[in-house]
Amino acid sequence: MLQELTFGRLENEYYEREAKETDFVICVNGNRVLLTREENHQVSYPTVGDVREWADRNQWNTWKETKLQYIFRMQDKDYYLWMGEAGEAMDDSYVYEEIRQFSVFETKDACFAACTAMHLYVWYRNNQFCGRCQTQTVHDAKERMLRCPNCGNLIFPRISPAVIIAVTDGDHILMSKYAGRSYTRYALIAGFTEIGETLEETVKREVMEEVGLKVKNIRYYKSQPWGRDGGVLMGFFCDLDGSNEIRLDETELALAEWHERTSMPTEDDGISLTREMMRVFEEGREPK
Ligand SMILES: [Zn+2]
């Protein structure tokens, strides 16, 4: 499947293939990836040749004998993951950067490629062994799937559905800030879908839990893969149903307040669905 994404083309169909010296490698260490900035400010990653040399000399850790795992193709380049905790680069122009720092990435392509690589890294790391019988898993030859050679357990990548919710009341929109997180800008109500729940029920439940409001007329807007948190985000607009008096869940939110369409306190960062939805509301373009 060739995904035509708003931020570029990420060809993420799985193939079994051998890494070439000039292919790129995403090296993960904690929540950070190893990258360099080129003269045009574009982010770039080390090559297979670089990484093999650095890993040999600095004794980088791997999970098993498979050191490199093909992950995706982007703009005619193949990308691999270093299958372990990567160590130091032997080239000062490469640094480890937090994926959460969007400003690191010049383009949406680069940001979402890094998020997707991190999503896959976490999935591979967490499924080295079968959860049913503890045997070491092996990669399927044809698709992105791990299988247990002992009991036959099949393990597919886990993608957690989550919703982002723009609650509106005429020309007002509900904006919030998280409690106890490093992210301090305005956000929209958001949350993961529970097992056995429809997306519409998630929307109603999250709004009720976090701000004590009822909503109606729930309209789907758009989705966005959000590999950083292992999810896919689905954006919804909905209308306030009844009282606009907010009852804040202070364990989740530091504040929630209504803002007028004409005086929104935010700017689109060109990347996140949350900020796009705020801009869409500001311009009166939300689905009616
Ligand atoms: Zn098993």
Expected output: side-chain [X] to main-chain [Y] donor-acceptor under 3.5 Å:
X	Y	answer
Thr36	Ser93	yes
Arg219	Pro287	yes
Glu53	Asp50	no
Thr202	Thr198	yes
Thr137	Cys148	no
His119	Pro225	no
Trp258	Asp169	no
Asn126	Trp123	no

field: Among Tyr121, Phe129, Tyr124, ring pair (Phe, Tyr, Trp, His ring centres under 6.0 Å) partner for Trp63
entry: Tyr121

Could you check whether any side-chain heavy atom of [X] comes within less than 4.5 Å of a side-chain heavy atom of [Y], counting everything from C-beta outward?
X	Y	value
Leu188	Met277	yes
Tyr15	Arg144	no
Leu68	Val48	yes
Tyr96	Leu35	no

message: Quick check with a 6.0 Å cut-off and a 45 degree axis cone: is Lys177 positioned over the face of Tyr186's six-membered ring?
response: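 Yes, Lys177 sits over the ring of Tyr186.
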
Any Lys/Arg nitrogen of [X] or [Y] sitting under 4.0 Å from an Asp/Glu carboxylate oxygen of the other?
X	Y	answer
Arg125	Glu85	no
Glu209	Arg205	yes
Arg147	Asp140	yes
Glu200	Lys204	no
Lys67	Glu65	no

Nearest-0.5 Å distance that lies between atom CD1 in Ile99 and atom SG in Cys115: 5.5 Å

Which heavy atom of [X] sits nearest to which heavy atom of [Y], and what is that distance?
X	Y	answer
Val280	Tyr221	CG2-OH, 3.3 Å
Leu233	Leu273	O-CD2, 4.1 Å
Trp60	Ala89	CZ2-N, 4.4 Å
Tyr70	Arg17	CD1-CD, 3.7 Å
Ile71	Ala117	CD1-CB, 3.8 Å

message: Check the orientation of Phe72 and Tyr79. Use parallel for under 30°, tilted for 30 to 60°, and perpendicular for over 60°.
response: tilted

